[in-house]
Amino acid sequence: MSVQGRAVLVTGAGGFIGGHLVERLVRDGARVRALVRYNSRNERGTLDWLPPDAVREVEVVLGELRDIESVGRAVAGTEIVFHLGAQIAIPYSFVNPRDYFETNVLGTLNVAQSALAHDVSRIVHTSTSEVYGTARQVPITEDHPLEPQSPYAASKIAADKLIDSYHRSFRLPATVLRPFNTYGPRQSARAVIPTIISQALAGDVLRLGSLDPRRDLTFVTDTVDGFVRAALAPEAIGRTVQLGTERDVSVGDIVRVVGEVLGRELTVKQDADRIRPEASEVMRLVSSPRVASELLGWSAQVDLQEGLRRTIEWIEGSRERFRTEHYVI
């Protein structure tokens with residue numbers, strides 16, 4: 001079974017993972033419709049950064065997840081829906097939590113309702129490892145307690161459980177996919193790895209927040225492979241599946257490895273503006289990939305050093321996209 005020739009929708013297609021997923025689906029022969037949040041400048045996010053041959057046949061539609069009519073039009077006529085659209089920047093969720101709940105919860109409700117109305121054969125909904133809070137046990141499994149430590153995480157738990165309820169109540173053929181800290185080319189400067197790399201390319205002194213939090217880092221091509229596999233695995237319907245490597249590194253470790261790849265010693269100056277509110281910082285996330293292996297036949301293929309090397313190479317050729325003098329929340 002494959003996606004070749006099948007009509008698919010990607011919400012959040014202009015985002016980091018969404019753009020990579022669109023490219024993969026095109027390469028695999030799918031008929032791709034990409035939903036991008038409406039803007040008057042006709043900007044399409046990372047879709048505008050893809051090779052022209054990767055987006056030439058993509059049907060790009062502008063809409064708004066909070067608008068049931070535009071979501072319904074986007075879903076109509078598709079077989080598989082990859083729902084990645086969300087408000088995602090954690091620091092900004094402390095500033096404007098209402099936007100997160102309206103976009104992430106109401107938007108997911110609209111996607112679920114539209115998927116039912118148009119009888120799609122599969123929906124893959126995107127969760128986040130942030131729903132767990134700081135790990136109580138390592139590695140984290142899918143039955144770990146959900147302990148949101150930010151408004152963003154709380155909104156994603158609500159969206160995940162909405163999808164669960166629609167599967168149980170209405171037999172929505174859905175899988176909740178929970179990636180752990182995806183990184184790679186085309187990621188925005190709001191994320192820690194592009195922040196580290198873009199500053200390192202500009203000089204030897206980096207301005208960062210806490211260096212102690214530990215994360216399970218998954219290269220974007222591996223995460224995208226998990227999405228495609230989840231859409232094609234009947235055993236994954238009604239299940240929550242994590243994508244991770246079962247290895248974690250600290251922010252300080254990432255600085256060290258980036259320095260090794262660049263052949264330079266980097267130093268860090270702590271920036272108070274980059275530190276999360278007290279009791280909000282998630283200190284450790286590390287995934288058990290056992291369920292992904294059993295249900296999807298999935299495992300991560302790109303190790304950290306190789307993934308950082310590829311990311312550095314892309315950022316080095318795209319420096320104009322990064323403003324290292326400003327902190328992006």
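Sequence positions, counted from 1, serve as the residue numbers for this chain.
A donor-acceptor pair under 3.5 Å links the side-chain atoms of Thr46 to the main chain of Gly14, judged by distance alone. Using a distance-only test at 3.5 Å, with no hydrogens or angles considered, a donor-acceptor pair links the side chain of Ser93 to the main chain of Tyr152. For the pair Gln187 (side chain) and Thr182 (backbone), a donor-acceptor distance under 3.5 Å is present. With hydrogens and angles ignored, the 3.5 Å screen pairs a side-chain donor or acceptor of Ser165 with a backbone N or O of Leu162. Using modelled atom types, no side-chain atom of Arg309 and backbone atom of Val261 make a donor-acceptor pair closer than 3.5 Å. Judged by distance alone, the side chain of Gln242 and the main-chain N or O of Pro179 form no donor-acceptor pair under 3.5 Å. Between the side chain of Thr11 and the main chain of Leu84, a donor-acceptor pair closer than 3.5 Å is present. A donor-acceptor pair under 3.5 Å links the side-chain atoms of Gln199 to the main chain of Arg207, judged by distance alone. Side chain of Ser318 to backbone of Ile315: no donor-acceptor contact under 3.5 angstrom is found. A distance-only check finds no donor-acceptor pair linking the side chain of Thr103 to the backbone of Tyr100 [under 3.5 Å].
Checked by atom type, the side-chain pair Ser121/Glu79 shows no donor-acceptor distance below 3.5 Å. A side-chain N or O of Thr108 and one of His83 form a donor-acceptor pair less than 3.5 Å apart. Between the side chains of Tyr92 and Gln87, not a single donor N or O lies within less than 3.5 Å of an accepting N or O.
Atom CD of Glu316 is separated from atom OG1 of Thr311 by 12.5 Å, given to the nearest 0.5 angstrom. Once rounded to the nearest 0.5 Å, the distance linking CG of Leu217 with CD1 of Ile193 reads 4.5 Å. Here the CD-CZ distance, from Glu102 to Arg66, works out to 5.5 Å after rounding to the nearest 0.5 Å. One finds the CG atom of Asp216 at 5.0 Å from the OG1 atom of Thr218 (value rounded to the nearest 0.5 Å). To the nearest 0.5 Å, the span separating OG on Ser155 from CZ on Arg98 amounts to 13.5 Å. Taken from CG in Leu35 to CD in Glu64, the straight-line distance is 9.0 Å, to the nearest 0.5 Å.
Electrostatic pairing of Arg31 and Glu57 does not count as a salt bridge here, judged by no charged N lying under 4.0 Å from a carboxylate O. Checked for salt-bridge contact, Asp53 and Arg27 meet the test: a charged N lies under 4.0 Å from a carboxylate O. For Arg256 and Glu260, the salt-bridge test passes: some basic side-chain N is under 4.0 Å from an acidic carboxylate O.
More than 12 heavy atoms of other residues, nucleotides or ligands sit less than 6.0 Å from atom CZ of Arg264.
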Derivation and outcome, salt bridge (Lys or Arg N to Asp or Glu O under 4.0 Å), residues Lys156 and Glu130: CA-CA 9 Å; Lys156 292 299 288 184; Glu130 287 283 330; over 6 Å; no
If you apply the rule side-chain contact (heavy atoms from CB on, under 4.5 Å), what do you find for Leu106 with Phe101, and how did you get there? CA-CA 7 Å; Leu106 177 59; Phe101 280 85; over 6 Å; no
Check against side-chain hydrogen bond (donor to acceptor under 3.5 Å, both in side chains), Arg122 and Thr175: CA-CA 8 Å; Arg122 200 60 175 279; Thr175 298; 3.2 Å; yes
Run the side-chain hydrogen bond (donor to acceptor under 3.5 Å, both in side chains) test on Gln301 and Asp222 for me, step by step, so that the C-alpha distance in whole Å, both residues' side-chain angles and the decisive distance to 0.1 Å come before the verdict. CA-CA 7 Å; Gln301 301 299 306; Asp222 286 329; 5.6 Å; no
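Counting only heavy atoms from C-beta outward, the side chains of Leu9 and Val120 never approach each other to under 4.5 Å. A 4.5 Å side-chain heavy-atom check between Ile88 and Arg190 finds at least one atom pair inside the cut-off. The side-chain heavy atoms of Thr141 and Arg290, taken from C-beta on, include no pair separated by under 4.5 Å. Within the 4.5 Å cutoff, side-chain heavy atoms of Arg284 are placed close to those of Val138. Two residues are said to be in side-chain contact when any heavy atoms from C-beta on lie closer than 4.5 Å; Arg247 and Val286 fail this criterion. In this structure the side chain of Met283 reaches within 4.5 angstrom of the side chain of Asp212, judged on heavy atoms. Gln137 is listed as a side-chain neighbour of His144, based on a closest heavy-atom distance under 4.5 Å. Annotation: side chain of Ile196 is in contact with side chain of Val251 (closest heavy-atom distance under 4.5 Å).
Under a hydrophobic-cluster definition in which Ile, Leu, Val, Met, Phe, Trp and Tyr are linked whenever side-chain heavy atoms come within less than 4.5 Å, directly or via other members, Leu21 and Met1 are assigned to the same cluster. Following chains of ILVMFWY side-chain contacts shorter than 4.5 Å, one can reach Leu211 starting from Ile254, so the two form part of one hydrophobic cluster.
Side-chain heavy-atom separations under 4.5 angstrom define the hydrophobic clusters, and the remaining members of the one that includes Tyr132 are Val131, Ile140, Leu146, Ile157, Phe180, Val282, Leu285.
For the ring pair (Phe, Tyr, Trp, His ring centres under 6.0 Å) condition, the pairs that include at least one residue of residues 30-51, sequence neighbours left out, are Trp49-Trp314.
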Sequence neighbours left out, cut at 3.5 Å: what donor-acceptor pairs do the side chains of residues 227-240 make with other protein atoms?
from	atom 1	to	atom 2	distance (Å)
Arg229	NE	Asp225	OD2	2.7
Arg229	NH1	Leu296	O	3.1
Arg229	NH1	Gly297	O	3.0

